[in-house]
Amino acid sequence: MKKTRMMIDILMTLLLPLLMAYSLIGENIHEVLGICMFALFIAHHVINRKWWTAIRKGKYNAVRILNTAVNLFLAVFMILQPLSGILMSKYVLKEVTIGGATSTLRTIHMTLAYWGFIMMSFHLGLHIRAISAKMKSRMNKGIRTVVTALFLMTALYGIYAFIKRGIGDYLLMRVMFAFFDFSESKIRFLFDYTAVMVLVAEIAFWVQNGLLKISNTRT
Amino acid sequence: MKRKVITGIMMVSLMMLAGCGQSDNAGTINDTNVTDTEITVDIIGTDDDGQTVDSVDTSNSAETVTESAKEENETDSTAGSSDTLVVYFSRTGEQYNVGVIDKGNTAIVAEMIIEHTGADAFEILPQEDYYPYTYKELTDVAKQELNDNARPAYKGDVPDFSQYSTIFIGAPVWWGDWPMIMYTFFENNRDSLVGKTLIPFSTHAGSGLSGFDNKLSAACPKASIGAGLAIAGTDAQNDQNSVKQSVDEWLKELGF
């Protein structure tokens, strides 16, 4: 069960930059990958269903509030996103349509794509502690430093990629139609978006670390 | 030591950021807003003198283009004095981010191309104009056409393709694609377009050229496709000086 859970999480992480590439890798592939992501999301929630029942129980500290807020956003997002996508489908589910609302659906789907991308990366960063701790214990100091540095450098490159790709403009809805340069290398695009994922995940990781430290120095 | 490493990395990254400020698109085909004032543009084709432009090896356009003297009134005639044609589809009414317009974004760009090259023009007008004049409704109709893979009919056609070697084709980006009426044009004329150089241009609100060149190539496999130009619709309406600059530079690089 633990292995399945990990596989699902890894697959979702891999799918995310691919989905962001949209028409660069093919609009029909985008739809197929979107459906896969939706299925993985459902599986992820079935596996983690206890989280939902525990929501109203226990105490809420800063870390738990942060995690819960992010998770709730993602739950809503991961319903709206595939829903709006399916209703606009051109290939796989094109029979499922709704008249008259396609322009609104498009706005929802596009804006949520970028917000969801950031939030999923943040969610990843909030949950990476267990894995990173386990990995760190298996590495000697030298390798650990190199790996930490590599992630840090990728995150710093992620700042550049974030600016270059204009992700801020999409998040703030200043640009309403996604720009794709079909002549650029797809690997470059995917790497840029992966770097932004690493950046946001690192930020989440360090924010959570900070919050934990603060709460530990109190009682 | 760790702190020094991290500081060093941050310095390098900051330098990268500074050096990579402007995009690497300056002066190239797919650029939308060239507001860079360092670029000097030689605007050819607006003088009264006849101009012969040498063929430049940047594109598929293999022929020299000769502009004859009195080209001003060519816009709506296919009088056959040019071997270049501009085909375009453009909408007025309420459009994205520009309010209600009485001259389409694509039409504005098309006319700049015509003025620069002295080309003939053919505007694609729907046979039956059922396209709504409000933006939201128009996008829904466009989406429906896309879903249906519709081929809306257009009025008339280019009377004689044989005199043209280069054909500019322009349209707004609708749902990331050419409007379906353009595919009617491509398919109606697929045989006539064999061996021609087709150069796409788009007006858009962020999607750029949106694969117009790839899709044009797929629709007209036996034509060669030139490097396209994408112009933001808002610029076509509100910043025509910079658009003219972009168009002129693009045409120059294509050999016009």
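In what follows, chains carry the letters A, B, and so on, assigned in the order in which the sequence lines appear, proteins first and then strands, with residues in each chain numbered from 1.
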> For T102(A), enumerate each residue passing the side-chain hydrogen bond (donor to acceptor under 3.5 Å, both in side chains) test, keeping only those at least two apart in sequence or located in another chain.
D140(B)
> Chain A contacts: which residues in residues 91-101 of chain B have a non-hydrogen atom closer than 4.5 Å to it?
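The residues closer than 4.5 Å to chain A, in numerical order, are Y96(B).
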> With a 4.5 angstrom heavy-atom cut-off, is it the side chain or the backbone of F177(A) that approaches chain B, or both, or neither?
both
> Report the C-alpha distance between R106(A) and W175(B) in whole Å, list the side-chain angles of each, state the deciding distance to 0.1 Å, and finish with yes or no for side chain to side chain contact (heavy atoms under 4.5 Å, CB included).
CA-CA 9 Å; R106(A) 196 203 64 82; W175(B) 290 96; 3.6 Å; yes
> Give the table of side-chain donor-acceptor pairs shorter than 3.5 Å for residues 11-29 of chain A, with sequence neighbours excluded, one pair per line with atom names and distance.
residue : atom : partner : partner atom : Å
T13(A)  : OG1  : D9(A)   : O            : 2.7
E27(A)  : OE1  : K90(A)  : NZ           : 2.6

> Please set out all donor-acceptor pairs under 3.5 angstrom arising from side-chain atoms of residues 186-195 of chain A, sequence neighbours excluded.
residue : atom : partner : partner atom : Å
R188(A) : NE   : Y157(A) : OH           : 3.4
R188(A) : NH2  : Y157(A) : OH           : 3.0
D192(A) : OD1  : Y157(A) : OH           : 2.5
D192(A) : OD2  : K164(A) : NZ           : 3.0
D192(A) : OD2  : R165(A) : NE           : 2.9
D192(A) : OD2  : R165(A) : NH2          : 2.9
T194(A) : OG1  : L190(A) : O            : 2.6

> Which region of K136(B), side chain (C-beta onward) or backbone (N, CA, C, O), has a non-hydrogen atom less than 4.5 Å from a non-hydrogen atom of chain A, or is it both or neither?
both
> Pick one of side chain, backbone, both or neither for T104(A), based on which atoms fall under 4.5 Å of a heavy atom in chain B.
side chain
> Under 4.5 Å heavy-atom distance to chain A, tell me which part of N147(B) shows up: side chain, backbone, both or neither.
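For N147(B), the contact with chain A is made by backbone and side chain together.
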> Atom CZ of residue position F73(A) - does it have more than 12 heavy atoms of other residues, nucleotides or ligands inside 6.0 Å?
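Yes, enclosed.
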> So how far is it from S103(A) OG to K143(B) NZ, rounded to the nearest 0.5 Å?
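Reported to 0.5 Å precision, the distance equals 11.0 Å.
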